[in-house]
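The next block holds one structure in the form of structure tokens; read it before the comments.
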Protein chains: 2
Amino acid sequence: MDPAVAGALACRTPLTAPALGDAEAAALAAVLKALADPNRIKILHRLASAAPDGVCVCDLTEPLGIAQPSVSHHLGVLRRAGLVERRREASFAYYSPVPGALDRLASLLGTGA
Amino acid sequence: MDPAVAGALACRTPLTAPALGDAEAAALAAVLKALADPNRIKILHRLASAAPDGVCVCDLTEPLGIAQPSVSHHLGVLRRAGLVERRREASFAYYSPVPGALDRLASLLGTGA
DNA sequence: CGTCGATATCGATGGGTGTCGATGCGGTGA
DNA sequence: TCACCGCATCGACACCCATCGATATCGACG
């Protein structure tokens with residue numbers, strides 16, 4: 001189609017802002033996907049509200065009602081997304097939320113990104 | 001196990017706040033899952049930045065590089081999640097972001113939910 | 001040094017989802 | 001009236017993911 005004509009059709013939108021790049025969109029989607037699970041939300045909520053120095057895996061398994069490998073899996077997802085961090089001590093693993101990780105995400109959403 | 005003993009084991013956490021309910025976690029996860037896709041993020045960003053009165057589907061198909069049925073699918077997901085709304089006019093469909101939808105989500109994340 | 005307990009990883013499995021082409025449904029204009 | 005156009009839905013396909021049991025790893029402890 002003739003481009004000069006294409007711009008004059010009935011259905012067009014001005015496009016005032018530059019389109020979001022593939023990389024930014026993918027990065028944002030990756031973090032959101034890590035959060036988009038009920039069990040991971042519960043985990044993060046518990047980490048954020050209950051532990052200044054971390055929560056060990058064994059204290060997450062029972063209240064979540066899922067098996068221990070599943071809990072480890074979810075914690076790994078959150079950790080790879082940069083939302084929680086792990087502190088190993090003896091044979092225990094204490095997880096705690098990364099300060100500001102959710103704040104950055106919240107501000108991104110708030111600014112209409 | 002004896003509860004009086006369970007509280008005294010090595011691996012315990014105080015649990016200062018009530019656990020997040022299944023319903024809240026599922027609802028939050030549903031909204032986040034609707035956002036957890038690069039194409040949907042691009043769509044929402046474009047809707048938020050380019051259109052006071054809505055963007056029609058045909059203007060989203062080409063810049064996203066995906067077929068029209070896929071665009072309709074993503075718009076449907078966003079609409080069912082309460083993030084965008086549709087205004088039909090003639091044979092066109094104009095989509096626009098729901099005001100405050102992202103703000104509420106951002107505040108939920110910011111308050112550590 | 002052997003056992004046990006806490007976590008992580010592996011392999012399998014069932015369900016969910018993004019993508020597409022084909023098709024249906026209204027509304028427009030010739 | 002009829003062809004065309006924009007959009008939604010359908011059916012199929014491939015792929016990802018949450019979950020589990022089984023197993024490996026690693027440190028503590030007797």
Side-chain angles (χ1 to χ4, degrees), chain A residues 1 5-6 8-13 22 25-26 29-44 47 54-81 84-96, chain B residues 1 5-6 8-13 22 25-26 29-44 47 54-81 84-96:
Chain A
M1 183 193 309
V5 173
L9 291 179
C11 168
R12 83 216 126 49
T13 34
D22 284 6
V31 178
L32 287 170
K33 198 149 45 170
L35 268 175
D37 182 278
N39 282 322
R40 286 200 284 271
I41 292 179
K42 289 190 195 173
I43 288 175
L44 206 57
L47 293 189
V55 177
C56 73
V57 180
C58 61
D59 281 321
L60 293 170
T61 304
E62 178 237 332
L64 288 176
I66 58 180
Q68 172 266 323
S70 300
V71 178
S72 271
H73 165 68
H74 288 307
L75 287 169
V77 172
L78 291 173
R79 196 159 70 98
R80 276 186 291 276
V84 307
E85 55 193 1
R86 176 176 57 179
R87 175 174 59 91
R88 311 209 67 158
E89 191 166 330
S91 76
F92 297 94
Y94 294 93
Y95 283 87
S96 51
Chain B
M1 186 191 311
V5 173
L9 292 180
C11 170
R12 83 216 125 52
T13 35
D22 284 7
V31 178
L32 288 169
K33 198 148 46 168
L35 269 176
D37 181 278
N39 282 323
R40 288 199 283 273
I41 292 178
K42 289 189 193 175
I43 288 176
L44 206 57
L47 293 189
V55 178
C56 73
V57 180
C58 61
D59 281 320
L60 293 171
T61 303
E62 179 237 333
L64 287 176
I66 58 180
Q68 173 265 322
S70 299
V71 177
S72 271
H73 164 68
H74 287 307
L75 286 169
V77 171
L78 290 173
R79 195 159 71 96
R80 276 187 291 276
V84 307
E85 55 193 1
R86 176 175 58 179
R87 174 173 59 90
R88 311 208 69 159
E89 190 166 331
S91 75
F92 298 93
Y94 294 94
Y95 282 87
S96 51

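A note on names: the letters A, B, ... follow the listed sequences, proteins ahead of strands, and every chain is numbered from 1.
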>> What is the separation between atom OH on A/Tyr94 and atom P on D/dG27, rounded to the nearest whole Å?
In response: 16 Å
>> Using every non-hydrogen atom in the two residues, find where A/Tyr95 and A/Leu47 come nearest and quote the distance to one decimal.
In response: O-CD2, 3.5 Å
> When the distance from CZ of B/Arg86 to P of D/dG6 is rounded to whole Å, what number comes out?
Replying inline: 17 Å
> So, for A/Ala26 and B/Pro38, which heavy atoms are closest and what is the spacing to 0.1 Å?
Replying inline: CA-CG, 4.2 Å
>> On a heavy-atom basis, which atom in B/Ser72 and which in B/Val57 lie closest, and how many Å separate them?
In response: OG-CG1, 4.4 Å
> Between D/dC17 atom P and A/Leu32 atom CG, what is the distance in whole Å?
Replying inline: 14 Å
> Is a donor on one side and an acceptor on the other found under 3.5 Å between the side chain of B/Arg40 and the backbone of B/Leu78?
Replying inline: no
>> Walk along nucleotides 14-30 of chain C from 5' to 3' and tag each nucleotide B, S or - by protein heavy-atom contact under 4.0 Å, base first, then sugar-phosphate.
In response: ---SSBBBB----S---
>> Give me the atom names and distance for the closest heavy-atom approach of B/Ala34 to B/Ala81.
In response: CB-CB, 3.5 Å
> Within this structure, what is the CG-to-P distance between A/Leu75 and D/dT19, rounded to whole angstrom?
Replying inline: 12 Å
> Is A/Leu64 close to A/Lys42 at the side-chain level, that is, under 4.5 Å between some pair of heavy atoms?
Replying inline: yes
> Got B/Ile43 and B/Val84 here, is their nearest side-chain heavy-atom distance under 4.5 Å?
Replying inline: no
> What is the distance from CZ of A/Arg87 to P of C/dT7, rounded to the nearest Å?
Replying inline: 12 Å
>> Rounding to an integer number of Å, can you tell me how far B/Glu62 CD sits from D/dC7 P?
In response: 14 Å
> Taking OH from B/Tyr95 and P from D/dG6, how many angstroms apart are they, rounded to a whole number?
Replying inline: 15 Å
> Given atom CG of B/Asp59 and atom P of D/dC5, what is their separation to the nearest angstrom?
Replying inline: 16 Å
Between the protein and nucleotides 13-15 of chain D, which nitrogen or oxygen pairs come in under 3.5 angstrom?
none

> Are any non-hydrogen side-chain atoms of B/His73 and B/Val77 less than 4.5 angstrom apart?
Replying inline: yes
>> Is there a side chain to side chain contact (heavy atoms under 4.5 Å, CB included) between B/Ile66 and B/His74? Walk through the geometry before answering.
In response: CA-CA 11 Å; B/Ile66 58 180; B/His74 287 307; 3.9 Å; yes
